[in-house]
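Have a look at the structure below, then the notes.
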Amino acid sequence: MADTLTKKEFKKLSLNDKYRKLKKSGEFIGSRLFDSYHVHLFLISDFYVEVWQRIGLSQIYWIEPVNTDRTLHQYLDHIDIQGLTEKLRG
């Protein structure tokens, strides 16, 4: 499978394959809390993906692409913009 993956192709992968693909090619952006879950945001190819993990457990419950800007806005208070810009400058 090529490194450039479409959102549609990613959605078809098994949970384990999604995890492997994120570990290999995904870039961690930030985390948030939702009810009893840690939710982690990653960028892969040209789309964002959330990884849902129950608090206190290492098990991942689901990994799905983000479909709305509203979801992305929930991360704004948790992203270190200065760190990202420094990383881009290299």
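Since the model is a prediction, treat every value here as computed from it, not as a measurement. Index from 1, following the sequence.
- Contacts of Phe47 classified as ring-ring contact (aromatic ring centres under 6.0 Å, His included), with partners at least two apart in sequence or in another chain: Phe10.
- Take Phe42 and apply the ring-ring contact (aromatic ring centres under 6.0 Å, His included) test, not counting sequence neighbours, and it matches Phe28.
- Applying the side-chain hydrogen bond (donor to acceptor under 3.5 Å, both in side chains) rule to Arg20 yields the partners Asp17; only residues at least two apart in sequence or on another chain are considered.
- Contact record, Lys21 with Ile44: CG-CD1, 3.5 Å, taken as the closest heavy-atom pair.
- Judged as a side-chain contact (heavy atoms from CB on, under 4.5 Å), and not counting sequence neighbours, Asp35 has no contacts.
- Applying the salt bridge (Lys or Arg N to Asp or Glu O under 4.0 Å) test to residues at least two apart or on different chains, the pairs with a partner in residues 43-63 are Arg32-Glu50.
- For the pair Ile29 and Tyr48, the minimum side-chain heavy-atom distance is below 4.5 Å.
- A donor-acceptor contact shorter than 3.5 Å is absent between the side chain of Ser45 and the backbone of Thr6.
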Counting only pairs under 3.5 Å, give me each side-chain donor-acceptor contact of residues 57-68, with atom names and distances, residues two or more places apart or in other chains.
unit_1	atom_1	unit_2	atom_2	d
Glu64	OE2	Lys18	NZ	3.0
Thr68	OG1	Thr71	N	3.3
Thr68	OG1	Thr71	OG1	3.0

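- The shortest side-chain heavy-atom distance between Leu72 and Leu41 falls under the 4.5 Å cut-off.
- Judged purely by distance below 3.5 Å, without hydrogens or angles, the side chains of His38 and Ser31 never pair a donor atom with an acceptor atom.
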